[in-house]
Novice: 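Starting off with a structure, shown below.
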2 protein chains.
Amino acid sequence: MVATRPYADALARLRATKLRPTRQRLALAKLLFSGADRHVTAESLHKEARANRVRVSLATIYNTLHQFTRAGMLREVIVDSTRSYFDTNTSHHHHFFCEQSQLLEDIPSGAVSVGTLPPPPRGTSISRIDVVIRVHPR
Amino acid sequence: MVATRPYADALARLRATKLRPTRQRLALAKLLFSGADRHVTAESLHKEARANRVRVSLATIYNTLHQFTRAGMLREVIVDSTRSYFDTNTSHHHHFFCEQSQLLEDIPSGAVSVGTLPPPPRGTSISRIDVVIRVHPR
DNA sequence: CAATAGTTTAGAATCGTTCAAGAGAAAAAA
DNA sequence: TTTTTTCTCTTGAACGATTCTAAACTATTG
């Protein structure tokens with residue numbers, strides 16, 4: 001079962017936060033949540049905004065990505081030590097990452113099962129488990 | 001069972017590559033491989049070198065970390081999108097990462113089992129699987 | 001020892017990202 | 001509505017990690 005009307009959901013969540021529904025945030029939410037789940041970087045989203053005649057500064061892209069992440073609308077994925085990726089799919093799942101093409105792809109939740117878990121270091125609790133399957137073109 | 005004489009092993013591998021055993025590379029290999037397995041960043045290794053009166057430029061630290069990685073003496077671990085970490089333990093294993101302290105810790109190989117694996121994207125093969133268990137102070 | 005090929009260095013350059021201050025827009029108060 | 005307050009956006013500067021450049025240096029080879 002898949003979430004329906006993701007854009008509407010995102011708008012609802014936007015309203016639920018203290019974030020004002022500004023022109024920029026609405027436009028970016030529309031780009032991000034209108035279709036299927038996707039992955040963006042600040043740069044790729046900026047390009048896409050310009051291509052859609054949405055005038056937004058790069059600083060606002062960064063701010064918005066972080067605000068949406070804090071609001072639970074996006075999830076940051078760490079697969080590359082030079083760039084940040086954001087995933088519109090915030091449910092628990094893992095990733096394929098092709099270092100060659102720099103492309104990130106979701107692994108359907110449940111397709112990977114992590115079996116045994118060691119106890120976390122003294123004084124800490126687990127906040128999340130990230131599995132990244134790195135692939136290369138055959 | 002643990003690898004013995006890790007420093008000697010590293011020297012042997014250094015010789016096996018085309019890398020010349022320069023003062024800088026020998027000193028860094030000694031720092032990296034003389035004790036137990038460890039994690040470093042370019043900056044942390046540079047500090048440590050200075051503390052041990054090893055005169056090395058930061059550029060050389062970066063070059064050396066990458067050369068050692070290519071030679072299979074180090075493994076790059078991606079857990080942070082702003083810094084690169086290098087692990088002297090190159091065997092297949094996973095990590096705990098505390099975002100608060102920025103500390104990385106090995107998970108003994110075998111302590112985590114990844115069960116089902118989905119087929120990789122069309123035209124690609126798996127090059128490696130990284131599991132990062134993110135933790136926070138309780 | 002001389003010649004060559006690889007290495008190191010300081011400093012400049014680059015990249016992704018964040019910061020700062022002023023201009024602008026939305027919300028709240030009057 | 002108008003005013004006031006608060007938040008947001010923008011540009012451009014600043015930043016931290018990393019890479020590049022070109023010259024000085026060092027290991028290896030003949």
Side-chain angles (χ1 to χ4, degrees), chain A residues 11 14-32 39-50 52-71 73-74 76-86 97 99 102-104, chain B residues 11 13-32 39-50 52-71 73-74 76-86 97 99 102 104:
Chain A
L11 287 189
L14 221 191
R15 273 185 223 106
T17 70
K18 305 287 187 179
L19 298 175
R20 292 177 180 176
T22 63
R23 171 178 68 73
Q24 291 85 340
R25 291 209 267 246
L26 291 170
L28 293 177
K30 187 160 192 177
L31 289 177
L32 287 168
H39 301 97
V40 299
T41 62
E43 195 52 47
S44 77
L45 183 57
H46 193 215
K47 269 207 190 68
E48 183 178 346
R50 291 192 61 67
N52 285 79
R53 290 176 187 67
V54 175
R55 288 174 53 263
V56 204
S57 72
L58 187 55
T60 295
I61 299 274
Y62 277 103
N63 288 336
T64 304
L65 287 173
H66 289 136
Q67 290 156 350
F68 283 10
T69 299
R70 252 182 276 126
M73 298 158 64
L74 291 176
E76 188 171 359
V77 183
I78 296 177
V79 284
D80 183 316
S81 56
T82 70
R83 230 178 307 287
S84 287
Y85 287 76
F86 295 86
F97 182 63
E99 307 217 356
Q102 310 254 291
L103 246 53
L104 193 58
Chain B
L11 287 189
R13 265 187 290 181
L14 220 192
R15 273 185 222 104
T17 69
K18 303 287 187 181
L19 298 175
R20 292 178 179 176
T22 62
R23 171 178 68 74
Q24 291 86 338
R25 291 208 266 246
L26 290 171
L28 294 178
K30 187 159 192 178
L31 288 177
L32 287 168
H39 301 96
V40 299
T41 63
E43 195 52 47
S44 78
L45 184 57
H46 192 217
K47 269 208 190 67
E48 184 178 346
R50 292 191 61 67
N52 285 77
R53 288 176 190 67
V54 176
R55 287 174 54 265
V56 204
S57 73
L58 188 54
T60 295
I61 299 275
Y62 276 104
N63 288 337
T64 304
L65 287 173
H66 288 137
Q67 290 157 349
F68 283 9
T69 299
R70 251 183 277 125
M73 299 158 65
L74 292 176
E76 187 172 359
V77 183
I78 296 177
V79 285
D80 183 317
S81 55
T82 70
R83 229 179 309 285
S84 286
Y85 288 76
F86 295 85
F97 182 62
E99 307 217 356
Q102 310 255 286
L104 195 57

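Numbers restart at 1 for each chain; the letters A, B, ... are given by sequence-line order, proteins then strands.
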Novice: Would you list the atom pairs, donor with acceptor, under 3.5 Å between side chains in residues 14-21 of chain B and any protein atom, with sequence neighbours excluded?
Specialist:
residue: T17(B); atom: OG1; partner: L14(B); partner atom: O; Å: 2.7
residue: T17(B); atom: OG1; partner: L19(B); partner atom: N; Å: 3.0

Novice: Counting just side-chain N and O atoms, does Q24(B) come under 4.0 Å of either OP1 or OP2 of dT9(C)?
Specialist: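 So the side-chain polar atoms of Q24(B) do come within 4.0 Å of the phosphate oxygens OP1 or OP2 of dT9(C), strictly under.
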Novice: How long is the line joining CZ of R25(A) and C1' of dA25(C), in whole Å?
Specialist: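 From R25(A) CZ to dA25(C) C1': 11 Å.
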Novice: What integer distance in Å separates R70(B):CZ from dG6(C):C1'?
Specialist: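 That distance rounds to 13 Å.
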Novice: Quick one, give me the B/S/- string for nucleotides 15-30 of chain D, reading 5' to 3', where B means a protein heavy atom under 4.0 Å from the base and S means that only happens at the primed atoms, P, OP1 or OP2.
Specialist: --SBBB------BS--
Novice: Is the Y85(B) to F97(B) ring centre distance short of 6.0 Å?
Specialist: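 They qualify: ring centres under 6.0 Å apart.
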Novice: Distance check needed: dA26(C) P versus R15(A) CZ, whole Å only.
Specialist: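 Interatomic distance, CZ of R15(A) to P of dA26(C): 15 Å.
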Novice: Provide, to the nearest angstrom, the distance between the NE2 atom belonging to H46(A) and the P atom belonging to dT18(C).
Specialist: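 It works out to 15 Å between those atoms.
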Novice: Figure out the CG/P separation between L65(A) and dC9(D), and round it to whole Å.
Specialist: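 Interatomic distance, CG of L65(A) to P of dC9(D): 12 Å.
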Novice: I would like to know whether L74(B) and L32(B) meet side-chain contact (heavy atoms from CB on, under 4.5 Å); could you show each step before the answer?
Specialist: CA-CA 9 Å; L74(B) 292 176; L32(B) 287 168; 4.2 Å; yes
Novice: Take atom CG of D80(A) and atom P of dC15(C), then tell me their distance rounded to the nearest Å.
Specialist: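 In whole Å, dC15(C) P lies 15 Å from D80(A) CG.
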Novice: Under the criterion side-chain contact (heavy atoms from CB on, under 4.5 Å), I'd like the reasoning laid out for M73(A) against Q67(A): C-alpha separation, chi angles, the key distance, then a yes or no.
Specialist: CA-CA 9 Å; M73(A) 298 158 64; Q67(A) 290 156 350; over 6 Å; no
Novice: Scan residues 55-64 of chain A for pairs that pass side chain to side chain donor-acceptor pair (under 3.5 Å), counting only residues two or more places apart or in two chains.
Specialist: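 Qualifying pairs, neighbours excluded: S57(A)-T60(A).
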Novice: Do E76(A) and T69(A) get their side chains close enough for a donor-acceptor pair, meaning under 3.5 Å?
Specialist: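 Not at all, the side chains of E76(A) and T69(A) share no donor-acceptor pair under 3.5 Å.
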Novice: Could you state the CZ-P distance from F68(B) to dT7(C), rounded to the nearest angstrom?
Specialist: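 Answer to the nearest Å: 11 Å.
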Novice: In whole angstroms, how far is the P atom of dG6(C) from the NZ atom of K18(B)?
Specialist: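 These atoms are roughly 10 Å apart.
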